[in-house]
Amino acid sequence: MNIIIAVMALIAVACKTEDPNVILQERAFVSGSSVNVEQNIPTIDNGWYREKNRPQIHFTPEKNWINDPNGMVYANGIWHLYYQYNPYGHDWGNISWGHATSTDLFHWKEQPVVLEPDELGYIYSGSAVLDKNNTAGFGENAIVAMYTAHGAHEQQCIAYSTDGGMTFTKYEGNPVIKNTTHGDYRDPKVVWDDVTNMWYCVFALGGEHTAQIWKSANLREWSICSTFNASAYPKCNDGIWECTDLFPMQYKGERKWVLTVNISGGGPVLGSGTMYFVGDFNGKRFIADHYNYPLWEDHGMDDYASVTWSNTGDRTVCIGWMNNQAYGGYPVSPWRCCMTLPREMVLEEYDGQPLLKTTIVSEIEGIADDWHSVKGQTASISSLLGALPMGMNGTKPSLDAYQVNVTIDTSADCEIKLSNSVEQAYTVKYLAATRELVINRGAKTGNTGFHPNFAIPDMRSSIFSNKEKVTLCVYVDQSNIEVTTDDGSVIMSTLVFPDFIYDQLMVSGQKAKSKIRNLNRVWKKD
């Protein structure tokens, strides 16, 4: 029995979760070795990126497993998205850094893998920065990546690129931050501070529920500054800490710092989530202001490992892995898992404290068609957008993705129901008495039987707004729905797996104003 427990624990560490039983269950699901779910995975469609449930406006690789976004940097007009990737299979394993590039955050071109495992271990999560002043000595404007090598121990390493982020050379002096004592010691996020003229990195000591902050003048030699913990806030310490981020933002005319921490358990609904702290950083220590933590970046089920791009000027742009550690994988093929839509964040006051507001980036206008007003309270979305209705005979969908905006009076209840021709439905309710949104992703939304934690009929969040009228923005893809308010006061992200994309709209409870626009698919062959 002790041998079995030890093996389970090793698997748990490798898969970045604290519960060996959960990981064994998730790994069995992913591989299909112990749980018979492979029969539910749709067959591959010969139409490029047209497989059942394949997102049409969210990033997915052409094939194989992905998880955390890594190393995001904006350089020379290119958005670089690196990510945890298995180049050789549909399941978690062989963890490397995959790579995709974009000029508009929506049309992505998948590039060759840039970092693969070596004698130090798998290439776990990390970040990348543009070294404009050649502080590291690898060349002016070199892109320097910092990542966790996951082997016998988790240690921090660097690699550098002198060709704009397309290929990397691992630093011969790795690891730059050694470790032989901590079990969970990973996911470095690097930031340059113009005030102190210093590089800082923050990474998580997962099982210890802490984050360490280190500093460097040259990205090669690092010294520890401080350790942050949330011991005063017990609800922040469920699961394990991962994928931390530290960045400055403007708030009420002054500079504040935001520390985000992704946790594998104790999220806003069930399982994982991204929480944030707001405070001050003096070049040595981050001190959180006293608020009612945890505060959540996303109040849905499926935004994890969310981190920001570097070198974006005054913009704070992030993306997350659209998944949850409560289930870990889901029955799609030949790809497995996707990213959220890219988001932009601002820090504004609500009810006497800072609120991290999150909207879908404005670049979405580049894939959007004109708006169509909804007359009355119901609409055939396919007809309104000039698409063919979803059939029941296996025909390819002609409706790829769309956005519904519903402007509601916050003094009255309202329900937004999206459904399809096989009576699968997803609902968003607004409750005036509590000023809450309630999302129903229950058993009637589509395929939910692959994991007992997936069907959630009651996801709740405040709208964090005192406005008399609020516009709910609902972004619908083949297997993803992201609901936000027009000013970003709340965002709730969820996966869904209907047989066909929802193409019917019904709004009830009040005479809300609704409009719909088509969002054009982003995939095209070269």
Side-chain angles (χ1 to χ4, degrees), residues 55-58 106 298-300 302 322 340-341 343 358-362 364-390 397-410 412-421 424-430 437-441 445-446 459 461 463 465 467 469-496 498 500-522:
Q56 296 300 299
I57 61 172
H58 292 73
F106 283 94
D298 189 306
H299 290 256
D302 296 305
M322 204 160 192
T340 67
L341 293 176
R343 295 113 182 261
T358 305
T359 54
I360 305 305
V361 293
S362 59
I364 198 169
E365 298 300 322
I367 64 169
D369 290 341
D370 293 338
W371 287 104
H372 297 264
S373 296
V374 175
K375 297 179 180 179
Q377 300 299 91
T378 63
S380 166
I381 298 169
S382 296
S383 298
L384 194 63
L385 298 181
L388 296 174
M390 300 301 98
S398 60
L399 184 62
D400 294 317
Y402 61 89
Q403 178 183 348
V404 177
N405 278 13
V406 182
T407 301
I408 62 171
D409 186 328
T410 56
D413 291 354
C414 186
E415 179 178 285
I416 303 168
K417 181 179 180 181
L418 298 170
S419 61
N420 62 16
S421 59
Q424 295 165 337
Y426 176 99
T427 62
V428 180
K429 292 182 180 180
Y430 170 72
L437 293 182
V438 181
I439 287 177
N440 183 331
R441 187 188 65 187
T445 56
M459 303 183 200
S461 174
I463 59 170
S465 174
K467 295 179 180 178
K469 291 187 179 296
V470 167
T471 298
L472 302 179
C473 307
V474 185
Y475 300 86
V476 183
D477 204 343
Q478 299 291 319
S479 55
N480 324 70
I481 297 181
E482 285 155 276
V483 181
T484 182
T485 53
D486 55 344
D487 68 352
S489 63
V490 64
I491 189 167
M492 302 178 74
S493 302
T494 53
L495 294 166
V496 289
F500 305 99
I501 192 171
Y502 308 118
D503 69 336
Q504 300 291 322
L505 170 69
M506 176 181 292
V507 180
S508 58
Q510 61 171 276
K511 293 183 178 180
K513 292 184 178 180
S514 305
K515 59 183 182 179
I516 302 173
R517 64 178 178 177
N518 182 64
L519 300 175
N520 293 287
R521 75 188 299 260
V522 298

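Quick note: numbers below take in every heavy atom, side chains included, and nothing from hydrogens, waters or symmetry partners. What you are looking at is a predicted structure, and each value in this text was computed from that prediction instead of being measured.
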Problem - CA sep, side-chain torsions, deciding dist, call: Ile360, Arg343, side-chain contact (heavy atoms from CB on, under 4.5 Å) - result: CA-CA 4 Å; Ile360 305 305; Arg343 295 113 182 261; 4.1 Å; yes

Might you work through the side-chain contact (heavy atoms from CB on, under 4.5 Å) test for Thr359 and Val361, ending with a clear yes or no? CA-CA 6 Å; Thr359 54; Val361 293; over 6 Å; no

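- With sequence neighbours left out, His299 forms a side chain to side chain donor-acceptor pair (under 3.5 Å) with Ser461.
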Practice prompt. Go through Ile364 and Leu519 one step at a time and tell me if the side-chain contact (heavy atoms from CB on, under 4.5 Å) criterion holds.
Written response: CA-CA 8 Å; Ile364 198 169; Leu519 300 175; 4.2 Å; yes

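- Contact between Thr445 and Ala425 at its shortest, heavy atoms only, is CG2-O, 3.0 Å.
- Taking CD1 of Ile408 as the reference point, atom OG1 of Thr485 lies at 10.0 Å (rounded to 0.5 Å).
- No side-chain heavy atom of His372 sits under 4.5 Å from any side-chain heavy atom of Arg517.
- Applying the side-chain contact (heavy atoms from CB on, under 4.5 Å) rule to Gln56 yields the partners Arg50, Arg54, Asp400, Asp477, Gln478, Arg521, Trp523; only residues at least two apart in sequence or on another chain are considered.
- At distances below 3.5 Å, not a single donor-acceptor pair connects side-chain atoms of Asn420 with backbone N or O atoms of Ile501.
- Taking Thr358 as the reference, nothing meets the side chain to side chain donor-acceptor pair (under 3.5 Å) condition, with sequence neighbours excluded.
- Counting heavy atoms from C-beta on, the side chains of Val406 and Val474 never come closer than 4.5 Å.
- Take Lys429 and apply the salt bridge (charged side-chain N to carboxylate O under 4.0 Å, His left out) test, not counting sequence neighbours, and it matches Glu415.
- With contacts defined as side-chain heavy-atom distances shorter than 4.5 Å, the pair Val483/Ile491 does not qualify.
- The minimum heavy-atom distance linking Lys417 with Thr427 is given by the pair CG-CG2, 3.8 Å.
- Considering only heavy atoms from C-beta on, Leu385 comes within 4.5 Å of Ile516 through its side chain.
- Partners of Ile463 according to the side-chain contact (heavy atoms from CB on, under 4.5 Å) rule, which considers only residues two or more places apart in sequence or in another chain, are Thr410, Tyr430, Arg435, Leu437, Ser465, Val470.
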(request) Check the pair Leu341, Phe106 against side-chain contact (heavy atoms from CB on, under 4.5 Å), reporting the backbone distance first and the verdict last. (result) CA-CA 8 Å; Leu341 293 176; Phe106 283 94; 3.8 Å; yes

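- Across every non-hydrogen atom of Tyr402 and Leu418, the tightest pair is OH-CD2, 3.8 Å.
- Proximity of a side-chain donor or acceptor of Gln504 to a complementary backbone N or O of Thr378 within less than 3.5 Å is not detected.
- Partners of Lys467 according to the salt bridge (charged side-chain N to carboxylate O under 4.0 Å, His left out) rule, which considers only residues two or more places apart in sequence or in another chain, are Asp487.
- Taking the side chain to side chain donor-acceptor pair (under 3.5 Å) definition, one finds that Tyr426 meets it with Thr494, sequence neighbours left out.
- No side-chain donor-acceptor contact under 3.5 Å links Asp409 to the backbone of Lys469.
- With hydrogens and angles disregarded, no donor-acceptor distance shorter than 3.5 Å links the side chain of Gln424 to the backbone of Tyr502.
- Taking all atoms of both residues into account, the shortest heavy-atom contact from Ser493 to Glu482 is OG-CG, 3.4 Å.
- Atom CG in Asp298 sits 8.0 Å away from atom CE in Met492 (nearest 0.5 Å).
- Counting all heavy atoms, side chain and backbone alike, Leu505 lies closest to Ile416 at CD1-CG2, 3.8 Å.
- Annotation for Asn480 and Leu495: closest pair ND2-CD2, 3.9 Å, computed over non-hydrogen atoms.
- Every side chain to side chain donor-acceptor pair (under 3.5 Å) that Asn520 has, sequence neighbours left out, goes to Asp369, Asn518.
- Take Asp302 and apply the salt bridge (charged side-chain N to carboxylate O under 4.0 Å, His left out) test, not counting sequence neighbours, and it matches Arg441.
- Checked against side-chain contact (heavy atoms from CB on, under 4.5 Å), Asn405 has the following partners two or more places apart in sequence or in another chain: Trp371, Gln403, Thr471, Cys473, Lys515.
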